[in-house]
Amino acid sequence: MSATYFKPKKLDIYILIRLKNGKSERDGVILDEIRFFWKESEILSYIEENDIENLNNKSLKDQGVVSDLVHLINDYLSGKKINLYDNIKKINMDLGFKEKFRTEFSQKVMNIVSQLKHGEVTSYSDIGNELNSKAFRAIGSVLKKNPIPLIIPCHRVLGKNGMGGFMGKTKIGEEINLKKNLLEIEGVMEYK
DNA sequence: GAAGCCATTCACA
DNA sequence: TGTGAATGGCTTC
């Protein structure tokens, strides 16, 4: 397990990236988690609490992959119309999709969300319709557990009557503002 | 297994 | 607007 963090040029936040090596030698690097922080000190205590070793570890098999990912995220946040989900495959980084989402339902939800294009938004009920399910709230529950926001663009899922939640929160706060910021970067104006 | 939790939605006042 | 019921999958015990 290793981690690195950086401050993107365009947003006043810190982004922590956690990685782990695949099970076998042949496997590449698996993206374990992406997490946002508003203060540098919060990252350090999070790392301590979760017993993360090797911050900015240089021994990870392929450090190039990490800097590629940081570049990709910076490009995306600068307004370039790239789809991180598509691009991450090109840099030989694995998402550990099946490991992260174990139930059929959550895999289907995440599949739909990860197919959303840059600037495209949907709603919890639209996803439900696609799955022939009325489990709108369950869809929210799945998205809440998304450990790799940005890559799986859960910020592109809005409620029928407004923003909906983000990162576990439903009331307007820093988290939801970040969701708004991301949508603004993508040029999405049709939300309240 | 059952109860309780949810990043929702819709109808009705 | 605002409340309250319906909803179904997931987590926790």
Side-chain angles (χ1 to χ4, degrees), chain A residues 1 5 8 10-18 20 30-39 42-43 45-46 49-52 72-73 76-77 82-86 88 94-192:
Chain A
M1 180 75 67
Y5 72 89
K10 295 283 174 177
L11 282 179
D12 199 21
I13 56 167
Y14 295 88
I15 300 180
L16 175 73
I17 299 172
R18 277 171 80 178
K20 62 181 181 185
I30 295 173
L31 177 59
D32 209 33
E33 178 185 32
I34 289 181
R35 186 175 278 263
F36 306 109
F37 294 90
W38 281 264
K39 288 178 190 158
E42 292 170 353
I43 303 179
S45 48
Y46 177 78
E49 277 167 28
N50 289 275
D51 200 23
I52 299 172
L72 273 177
I73 293 176
Y76 164 72
L77 292 177
I82 53 173
N83 227 19
L84 291 176
Y85 182 81
D86 294 334
I88 204 152
D94 194 68
L95 297 180
F97 209 85
K98 291 233 168 87
E99 214 171 275
K100 288 184 175 67
F101 311 111
R102 293 177 185 278
T103 65
E104 196 186 346
F105 181 79
S106 60
Q107 283 174 12
K108 281 182 182 167
V109 171
M110 287 308 189
N111 258 323
I112 291 173
V113 175
S114 55
Q115 299 309 315
L116 291 171
K117 297 187 182 70
H118 189 284
E120 184 185 3
V121 293
T122 187
S123 68
Y124 300 95
S125 56
D126 285 343
I127 294 175
N129 289 335
E130 210 160 322
L131 293 175
N132 285 323
S133 164
K134 289 180 181 170
F136 310 126
R137 303 196 72 183
I139 293 165
S141 300
V142 171
L143 295 185
K144 180 186 177 181
K145 283 183 231 101
N146 176 15
I148 45 173
L150 297 184
I151 311 301
I152 295 178
C154 54
H155 60 277
R156 293 178 189 149
V157 184
L158 310 178
K160 265 279 190 284
N161 295 304
M163 284 294 289
F166 191 54
M167 288 166 65
K169 302 288 195 308
T170 52
K171 293 194 174 128
I172 290 292
E174 286 173 325
E175 301 85 1
I176 314 281
N177 280 333
L178 178 58
K179 183 174 183 175
K180 279 175 83 169
N181 287 337
L182 294 174
L183 291 169
E184 278 163 13
I185 286 170
E186 295 191 14
V188 178
M189 300 308 287
E190 58 210 87
Y191 59 85
K192 294 164 195 169

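Values reported hereafter were calculated over all heavy atoms of this structure, with side chains retained and with hydrogens, waters and symmetry mates removed. All figures in this text were calculated on a predicted structure; none of them were measured in a lab.
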S.K.: Could you tell me how far apart A:N129 (CG) and B:dT8 (P) are, to the nearest whole angstrom?
M.R.: 16 Å
S.K.: Centroid-to-centroid, A:F36 to A:Y14, below 6.0 Å?
M.R.: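 They do not qualify: ring centres at least 6.0 Å apart.
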S.K.: Looking only at atom types and distance, does a side-chain atom of A:Q107 sit under 3.5 Å from a main-chain N or O of A:F101, one as donor and one as acceptor?
M.R.: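 Such a contact is found between A:Q107 side chain and A:F101 backbone.
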S.K.: Can you measure A:K145 atom NZ to B:dC5 atom P for me and round it to whole angstrom units?
M.R.: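 Rounding to the nearest Å, NZ of A:K145 and P of B:dC5 are 15 Å apart.
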S.K.: Can you check whether A:L116's main-chain N or O pairs, donor with acceptor, with A:R156's side chain at less than 3.5 Å?
M.R.: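 Yes; judged by distance alone, with no hydrogens or angles, the pair exists.
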S.K.: Of all nucleotides in DNA chain C with an atom under 4.0 Å from a non-hydrogen atom of chain A, which is the first and which the last going 5' to 3'?
M.R.: C:dA6 to C:dT11
S.K.: Determine, stepwise, if the pair A:L158 / A:T122 fulfils side-chain contact (heavy atoms from CB on, under 4.5 Å).
M.R.: CA-CA 6 Å; A:L158 310 178; A:T122 187; over 6 Å; no
S.K.: Which part of the nucleic acid does A:G168 contact within heavy-atom distance under 4.0 Å: base, sugar-phosphate only, or nothing?
M.R.: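 Here A:G168 touches the bases of the nucleic acid.
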S.K.: If only side-chain N and O atoms count, and only distance matters, is there a donor-acceptor pair under 3.5 Å linking A:Y85 with A:Q115?
M.R.: no
S.K.: Counting C-beta onward and ignoring hydrogens, is there a side-chain heavy-atom pair between A:L31 and A:I17 closer than 4.5 Å?
M.R.: yes
S.K.: Rounded to the nearest angstrom, tell me the gap between atom NZ in A:K134 and atom P in B:dA11.
M.R.: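 After rounding, the reported distance stands at 11 Å.
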S.K.: Calculate the interatomic distance between A:K169 atom NZ and B:dA7 atom P; express it in whole Å.
M.R.: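 That distance rounds to 10 Å.
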S.K.: Going by the angle between their ring planes, with limits at 30° and 60°, are A:H118 and A:Y76 parallel, tilted or perpendicular?
M.R.: perpendicular
S.K.: Reckon A:F105 touches a base, only the sugar-phosphate, or nothing at all at heavy-atom distances under 4.0 Å?
M.R.: sugar-phosphate
S.K.: Can you see which heavy atom on A:L131 is nearest to which on A:F105, and at what distance?
M.R.: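 Here A:L131 and A:F105 meet closest at CD1-CE1, 4.0 Å.
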S.K.: What is the minimum heavy-atom distance between A:M110 and A:V142, and which atoms define it?
M.R.: CE-O, 3.6 Å
S.K.: Tell me which residues in residues 136-144 of chain A lie within less than 4.0 Å of DNA chain B, going by non-hydrogen atoms.
M.R.: A:F136, A:R137, A:G140, A:S141, A:L143, A:K144
S.K.: Just the rounded figure in Å: distance from P of B:dA7 to CG of A:N177.
M.R.: 18 Å
S.K.: Could you give the CG-to-P distance, from A:L131 to B:dT8, as a whole number of Å?
M.R.: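 These atoms are roughly 16 Å apart.
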